[in-house]
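Within every chain, numbering begins at 1; the chains are lettered A, B, ... in the order of the sequence lines, protein sequences first and strands thereafter.
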Amino acid sequence: MIFSKILINWYSINKRELPWRKTTNPFYIWLSEIILQQTQVKQGLPYYDAFTAKYPTVFDLANANEDDVLKLWQGLGYYSRARNLHATAKHVATNLNGNFPNTYKELLKLKGVGDYTASAIASICFNEVEAVVDGNVYRVLSRYFGVSTPINSSKGAKEFKLLAQKLIDKKQPAEFNQAIMEFGATQCKPKNPDCSVCPFSKGCIAFNKNLIGELPVKIKSAKAKKKHFNFLVFISEDEQTILQQRQGKGIWQNLYQFPLVETESTVDPKSFKSLIKTHELLANQQFELLLYNKEAIVHKLSHQHLYTQFWIVNVGKLPINGIPMENIRDFAVPILIGDFIEAFNF
DNA sequence: AATTCGGGGGT
DNA sequence: ACCCCAGAATT
C-alpha cells in the first residue's frame, strides 16, 4: 500500500481530539499554528483556549493593545510570535477586510508566517496541495527513507520539503499533513518510538537497519552562554515598585522587568552595594539592600543560562515614577520575573 | 549558512 | 547534561 494511504488510515484511528481540528476558519487555524511553533500541543493548548476566548475574531485581536497580547502570551516564550501575531491581525483587519489570504504564496508574506505555517494554513483551510515540514515530518521521513542529511541545514530543508511534496495525498492534503505530524508526535517519537506496533515498520529503513537512534541527523548548536542578572526590586514606603519595559533587540523584547544590572559573575552583597551606589536610580539616595536569594536562580534558555539574583531595595521615595505594588500582575513579564513575583507574594 | 529568538518536558 | 517541540527572522 502507498505511504499516504497507510498514514491516513493510521490517523483516522489514532488522531487526538483538539480544538483547532473542529474548524477550518483561517483565523483559528493561523492562531493555533503560531502558538504551536516550537511548542508542544500540551503547552500550547491553554493559550489557544485563552486567546480564542478573549479574541473571538481577528478584529478583536487587531483592536487590542500589544501589552495585552503580550500579557496573554506570557510564559509561552518566543515573544516575537506574539508581536507578529498582533501586527498580522491588524494588517488582515485593516487592509484585507478581515479575510486571510487563501494561497500558500500570499500567506507566506504575512509576518510570522514561514514555509511551514503557510503550508499548514493553505492545506487545512483551502485544500491547497502544499506539504508541511516540521520537526515531526523531518523525523518520520528521515527514519522511514533512511535520509541522513542534517535536518537543520539548508540542503536538508530543500530535500525534505521535496520528499514530503512527493508523498502528499493530492486529494486529501489537509488530512495528510496533519496525519504525518500526529504520527511523529505520538508514535514516531524522538525517544522510544513505538516501532512494535508501527504500520510502517516493514518498509522503515531506520527500523530495519537499527538506525532509529541515529536518525534524524542534526547539526549540534553552540553551548549556552552564561549571563549574570541582578534585578533591583524597589520597594518604597508608599508601596510602589519600578518596572521597566525592555527595549531594542534581544530576549523578552517589549516585556517588563525590574531594573536590571548585568555583571560578569555572581556578586556578593558587599560588592554589589558599592557597585550600585553610582547607579542612576540610586545616586544621592539612602537605601537598604537585601539579597532575596543567596543561591542564584539559574534560568535556562536555548542560548543563555541566566544566573539571577533579586535584590530588595528599600527606599523612602522612588527616584522615578513607579507603579503600585498591587498592580504588578497587570504587566507582561518573563516567567523568571513572574515566578519571583508569586514567590515574593507582592 | 549561522545565530538568535523561551519555556516546558523527557531521558 | 543534552535533546526536542505543529519555526521564523535576522545577521
Need one value for W20(A): base, sugar-phosphate or nothing, where a base atom within 4.0 Å counts as base even if backbone is also close, heavy atoms only. base
Between R16(A) and K111(A), whichever has its closest DNA chain C nucleotide further toward 5' is R16(A)
Any chance you could lay out the side chain to side chain donor-acceptor pair (under 3.5 Å) test for D67(A) and N65(A), step after step, and finish with the verdict? CA-CA 5 Å; D67(A) 275 7; N65(A) 300 315; over 6 Å; no
Do other residues, nucleotides or ligands put more than 12 heavy atoms under 6.0 Å from N210(A) CG? no
The side-chain contact (heavy atoms from CB on, under 4.5 Å) partners of A89(A) (sequence neighbours excluded) come to W30(A), V58(A), L61(A), A62(A)
Annotated structure of DNA chain B as dot-bracket, pair cut-off 3.5 Å, Watson-Crick or G-U only, | for inter-strand, is |||||.|||||
Hey, does the side chain of K220(A) come within less than 4.0 Å of dC3(C)'s phosphate (OP1/OP2), counting only N and O? yes
Less than 3.5 Å between a donor and an acceptor, one on the side chain of Q40(A) and one on the base of dG9(B), is that the case here? no
Using 30° and 60° as the class limits, which term best fits the ring planes of F310(A) and F231(A): parallel, tilted or perpendicular? parallel
Exactly one candidate in Y47(A), W73(A), Y48(A) meets side-chain contact (heavy atoms from CB on, under 4.5 Å) with I34(A); the answer is W73(A)
If you look at every strand shown and take non-hydrogen atoms under 4.0 Å, does G75(A) touch a base, only sugar-phosphate, or nothing? sugar-phosphate
Is it the case that the base of dG6(B) and the side chain of T39(A) share a donor-acceptor contact (distance under 3.5 Å, atom types as modelled)? yes
Do the side chain of S302(A) and the base of dG6(B) come within less than 3.5 angstrom through a donor-acceptor pair of N or O atoms? yes
Angle class for the W10(A)/F183(A) ring planes (parallel below 30°, perpendicular above 60°, tilted otherwise)? perpendicular
Check the distance between dG7(C)'s C1' and Y138(A)'s OH and give it to me in whole angstrom. 9 Å
Quickly work out the K218(A) NZ to dC5(C) P distance and round it to whole Å. 6 Å
E159(A) and K155(A) ion-paired at < 4.0 Å: yes
Between C1' of dA6(C) and CZ of F160(A), the distance in whole Å: 17 Å
So does Y78(A) get a side-chain nitrogen or oxygen closer than 4.0 Å to the phosphate oxygens (OP1/OP2) of dC5(C)? no
Can you check the E214(A) CD to dC3(C) P distance for me, whole Å? 13 Å
Rounded to whole angstroms, how far apart are CD on Q74(A) and C1' on dG7(B)? 12 Å
Does the pair E264(A)/K226(A) count as a salt bridge with the N-to-O cut at 4.0 Å? no
Would you classify D115(A) as touching base, sugar-phosphate or nothing, given that sugar-phosphate means primed atoms plus P, OP1 and OP2, and contacts are heavy atoms under 4.0 Å? sugar-phosphate
Does CG in N95(A) sit with more than 12 non-hydrogen atoms of other residues, nucleotides or ligands closer than 6.0 Å? yes
Please determine whether a side-chain nitrogen or oxygen atom of S221(A) lies at a distance below 4.0 Å from atom OP1 or OP2 of dA2(B). no
So, is W252(A) close to the dT4(B) phosphate, meaning a side-chain N or O under 4.0 Å from OP1 or OP2? no
Whole Å only: how far is the CG atom of L85(A) from the C1' atom of dA8(C)? 13 Å
Mapping I219(A) and D339(A) onto DNA chain B by nearest heavy atom, which one lands closer to the 5' end? I219(A)
Between dT11(C) and dG6(B), how far apart are the P atoms? Round to whole Å, please. 15 Å
Counting only side-chain N and O atoms of H299(A), is one of them less than 4.0 Å from OP1 or OP2 of dG7(B)? yes
Sugar-phosphate only, base, or nothing, as touched by V113(A) at under 4.0 Å among non-hydrogen atoms: sugar-phosphate
Rounded to whole Å, please give me the gap between CG in L110(A) and C1' in dG7(C). 15 Å
Describe the nucleic acid contact of L336(A) in one word from base, sugar-phosphate, nothing, applying a heavy-atom distance below 4.0 Å. nothing
Nearest to the H303(A) side chain among dA6(C), dT4(B), dG6(B), which nucleotide is it? dT4(B)
Would you say dT11(C) has OP1 or OP2 under 4.0 Å from some side-chain N or O of K249(A)? yes
So if I take every side-chain heavy atom of T117(A) and compare against dA8(C), dA6(C), dC5(C), which nucleotide ends up nearest? dA8(C)
Considering just the side-chain nitrogens and oxygens of Q304(A), establish if one lies under 4.0 Å of OP1 or OP2 belonging to dC5(B). yes
To the nearest angstrom, the NZ-C1' distance between K155(A) and dA2(B) comes to 18 Å
Considering only the P atoms, how many Å lie between dA6(C) and dC5(B), rounded to the nearest integer? 23 Å
With a 4.0 Å cut-off on heavy atoms, is G44(A) in touch with a base, just the backbone sugar-phosphate, or nothing at all? nothing
Would you please confirm or rule out a distance under 4.0 Å between OP1 or OP2 of dC5(C) and any side-chain N or O of R139(A)? yes
How are the rings of F176(A) and F3(A) set relative to one another: parallel (under 30°), tilted (30 to 60°) or perpendicular (over 60°)? tilted
Any side-chain N or O of Q37(A) under 4.0 Å from OP1/OP2 of dG7(C)? no
